[in-house]
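Structure first, then comments.
Every heavy atom of this structure was used, including side-chain atoms; hydrogens, water molecules and symmetry mates were not.
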Amino acid sequence: MGVRERRATGMQPTLQTSRVRVSRQRFSADAHVATSSERARHRSLGHRLRLIFVRAYYSSRLRRHWRLVGLLGALAISILLATWSWALRSSRAEQRIDTGGLGNVKASLDYTKTYDVCAIGAGLSGTVLAERFANVLNQSVLVLDQRWHFGGNCYDYVDERSGVRVNKYGAHLFHTNSDLAWRYINMHKAAPRWRRWDHRVKGVVDGKLVPIPVNILTVNTLFGLHLQTDEEMRSWLNETQRTCPEGHCRNAEDMALSRVGDKLFEAIFRHYTRKQWNKEPRDLDAQVTARIPVRASHDERYFSDRYQVLPEQGYTAWFAALLNHSNIDVVLSTDFFDEREHLLNACDVIAYTGPIDRYFEASGLEELEYRSIDFVEERCSNCGYMQPNSVVNYPGPEVAFTRRVEYKHFLHQKSPHSVAFREYSTADGEPYYPVPSRRNLALYEKYRELAAEEERASNVYFVGRLANYRYFNMDAAIVNALDVFAKITGERALP
């Protein structure tokens, strides 16, 4: 946005910030057509050629069949020019998508083709289903996405100016205790290898940099204590934790207080929850804070799962390896709802991974709530690192953003420059997170009944986070897709 700051240290690095909004808008069709001057040339050429034949028709004193020849010639040229114009638009459309180096990725549908399965969405759920149907059952699959790339929210790329690989939609760390998910991500021989990465997060709380999630060091730093052992930490937690009323945590506030107690809740979780969800913790379902990890130890890792990894060559390359199959067509920059009637006829089975309320918008039900993210980019030239950790959370009310991610830290990437993104939670933009309030969960149950009927009547299956209005980590999304594959086919998802 043209905002620049300079640090008076070393080589005078420059810091630039710019706001990047990921909006709900479809990829603009206007970007796919030729320029106005090119279109004018096509029209003028076609007009002149057709005019020649028409004049020949009216002025000719030749026999009648020559007039017919003239009309057929004009028609043939019109068809030729239309084909030429369509080819030009298609060529320009292909230039505006990220094919990931694959030859089976296009920007428009082939209306002559039919498919055994159509996956609507090229994220984890759609990609896993496509790969399984193609490899296990040798079936034809279409993967369709309205974005200009595949990979869903995992999509990453190498930033040209810094040489650093970044995630377009926020940091994604794969972690799991599921042997099924672990087997699946490692079974593809052509895919990039996964490298161990124990993720760590810091938080700025009351001006102090502390480990997140809460551990012994967090408590000692924030409250001036000198806890040393696991037993001392558990004893302190027991003194501060609150039991849920009548043994039942009614909401996210009750759950958080039962896990971390009053002091930590006020210092870290109350304001962070407000920023993330734009709601008070008491107005959210208990599941929101049920996942809060608390360590009665010095362990600073963000996750405690057995498997914690990142793909060596990035997530986009991993998705490309799964989609690189002769039975799979990938079509990008295409909205399912623009092609809905055609696809319902062209696909024997549809796996829909988008927002469930969008699919049933004609039902008259109210819309569900989602949260999105506004990303504000920051750049630094010849500066080393911009912050001491890959992810630094800002749970307090003193700043509007929730966290800042500097991607150069991941897998220890080498570059003299760096790029980071501040993340602002917002109600506008593409839907990322379902909002688990009582109202939304009750409304979703009505949508779920419609989905069950659609599955029975039309062979449409609702897969993944947005279609199930439920938060899935990456491993859970993979397992969910494998379960749906088994449900549809009666086959084992993995050998």
Side-chain angles (χ1 to χ4, degrees), residues 175 177 199-305 369 371 391-400 402-403 425 433-442 444 469-471 473 476:
H175 58 99
N177 284 319
H199 185 46
R200 289 171 169 81
V201 174
K202 301 294 185 181
V204 176
V205 182
D206 294 333
K208 301 171 183 176
L209 193 67
V210 297
I212 300 290
V214 170
N215 68 3
I216 291 176
L217 180 58
T218 309
V219 172
N220 285 344
T221 302
L222 291 180
F223 305 117
L225 302 177
H226 301 282
L227 307 178
Q228 297 296 322
T229 66
D230 296 5
E231 291 76 14
E232 290 175 341
M233 179 67 172
R234 291 193 186 94
S235 175
W236 184 85
L237 283 171
N238 288 335
E239 292 175 3
T240 60
Q241 289 169 336
R242 280 195 197 173
T243 303
C244 287
E246 300 177 359
H248 173 68
C249 294
R250 301 163 298 181
N251 52 54
E253 182 167 333
D254 284 352
M255 178 63 74
L257 290 170
S258 74
R259 295 184 61 77
V260 301
D262 297 74
K263 292 182 179 180
L264 286 169
F265 176 69
E266 294 297 333
I268 298 177
F269 298 104
R270 180 185 293 281
H271 296 292
Y272 186 85
T273 303
R274 286 172 176 164
K275 288 199 291 187
Q276 179 72 17
W277 301 103
N278 195 32
K279 294 184 184 298
E280 291 294 331
R282 62 177 176 272
D283 296 325
L284 292 165
D285 190 80
Q287 63 177 284
V288 171
T289 50
R291 299 190 306 271
I292 293 176
V294 182
R295 303 275 163 73
S297 66
H298 294 275
D299 186 357
E300 292 191 10
R301 294 177 305 156
Y302 194 74
F303 308 114
S304 57
D305 301 70
E369 287 183 279
R371 298 297 288 174
V391 178
V392 177
N393 286 2
Y394 290 81
E398 62 274 5
V399 295
T402 56
R403 69 176 184 174
S425 181
Y433 306 108
V435 180
S437 65
R438 295 185 190 90
R439 177 261 185 194
N440 289 327
L441 295 177
Y444 166 68
Y469 203 70
R470 177 183 174 191
Y471 185 84
N473 283 323

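- In plain terms, the two heavy atoms of Gln276 and Tyr433 that are nearest each other are NE2-CE1, 3.8 Å.
- Of all the heavy atoms in Glu369 and Ser437, the pair that sits closest is OE1-OG, 4.1 Å.
- Between Pro395 and Ile268, the shortest heavy-atom distance links the atoms CB-O, 3.2 Å.
- Side chains of Glu398 and His271 form no contact here, defined as non-hydrogen atoms less than 4.5 Å apart.
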Checking side chain to side chain contact (heavy atoms under 4.5 Å, CB included) for the pair Thr229/Glu232: CA distance, chi angles, key distance, verdict? CA-CA 5 Å; Thr229 66; Glu232 290 175 341; 3.3 Å; yes
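- The existence of a salt bridge linking Asp254 and Arg250 is confirmed by a sub-4.0 Å separation between a basic side-chain nitrogen and an acidic carboxylate oxygen.
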Take Phe265 and Glu253 through the side chain to side chain contact (heavy atoms under 4.5 Å, CB included) test and state the conclusion after the steps. CA-CA 8 Å; Phe265 176 69; Glu253 182 167 333; 3.7 Å; yes
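- Summarising the geometry, atom OG1 belonging to Thr289 is positioned 8.5 Å from atom CG belonging to Leu257; distances are rounded to the nearest 0.5 Å.
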Set out, in order, the CA-CA distance, both residues' side-chain angles and the distance that settles side chain to side chain donor-acceptor pair (under 3.5 Å) for Ser425 and Arg371, then state yes or no. CA-CA 7 Å; Ser425 181; Arg371 298 297 288 174; 3.1 Å; yes
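- Checking side-chain atoms of Ser258 against main-chain N and O of Met255 turns up a donor-acceptor pair under 3.5 Å.
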Side chain to side chain contact (heavy atoms under 4.5 Å, CB included) between Leu227 and Trp236: does it pass, once the steps are laid out? CA-CA 9 Å; Leu227 307 178; Trp236 184 85; 4.0 Å; yes
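- Around the CD atom of Glu246, the shell of radius 6.0 Å holds no more than 12 heavy atoms that belong to other residues, nucleotides or ligands.
- In plain terms, the two heavy atoms of Glu280 and Arg274 that are nearest each other are OE2-NE, 2.9 Å.
- A donor-acceptor pair is defined here as one N or O able to donate and one able to accept, closer than 3.5 Å; no such pair exists between the side chain of Ser235 and the backbone of Glu231.
- Between the side chain of Asn238 and the backbone N or O of Arg234 there is at least one donor-acceptor pair closer than 3.5 Å.
- In this structure the side chain of Asn393 reaches within 4.5 angstrom of the side chain of Val201, judged on heavy atoms.
- Taking the six-membered ring for Trp and thresholds of 30 and 60 degrees, His175 and Phe303 have nearly parallel ring planes, at less than 30 degrees apart.
- The number of heavy atoms from other shown groups lying within 6.0 Å of CZ (Arg301) is above 12.
- For the atom pair Ile216 CD1 and Gln228 CD, the distance stands at 7.5 Å (nearest 0.5 Å).
- Residues Ile292 and Val260 are in side-chain contact: their nearest non-hydrogen atoms beyond the backbone lie under 4.5 Å apart.
- Taking 4.5 Å as the limit, some side-chain heavy atom of Val392 sits within range of a side-chain heavy atom of Leu209.
- For the atom pair Asn177 CG and Asp305 CG, the distance stands at 4.5 Å (nearest 0.5 Å).
- Listed here is the closest heavy atom pair of Trp277 and Val435: CZ3-CA, 3.9 Å.
- Between Phe269 atom CZ and Arg259 atom CZ the span is 9.0 Å, to the nearest 0.5 Å.
- Inter-residue side-chain proximity for Phe223 and Leu264 is flagged as met; some heavy-atom pair is nearer than 4.5 Å.
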Show, in sequence, the C-alpha distance, side-chain angles and deciding distance for Val210 and Lys202, and conclude whether the side chain to side chain contact (heavy atoms under 4.5 Å, CB included) test is met. CA-CA 6 Å; Val210 297; Lys202 301 294 185 181; over 6 Å; no
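- For the pair Asn215/Glu300, a side-chain contact is recorded, criterion being any heavy-atom separation below 4.5 Å from C-beta on.
- Counting heavy atoms from C-beta on, the side chains of Arg470 and Leu441 never come closer than 4.5 Å.
- Proximity of a side-chain donor or acceptor of Asn251 to a complementary backbone N or O of Ala286 within less than 3.5 Å is not detected.
- With a 4.5 Å cut-off on side-chain heavy atoms, Val399 and Lys275 count as touching.
- Judged purely by atom type and a 3.5 angstrom limit, Arg295 uses its side chain to pair as donor or acceptor with the backbone of Tyr302.
- Closest approach of Leu284 and Thr273 over heavy atoms only: CD1-CG2, 3.6 Å.
- Between Arg242 and Asp262 there is a salt bridge, since at least one side-chain N of the basic residue sits less than 4.0 Å from a carboxylate O of the acidic one.
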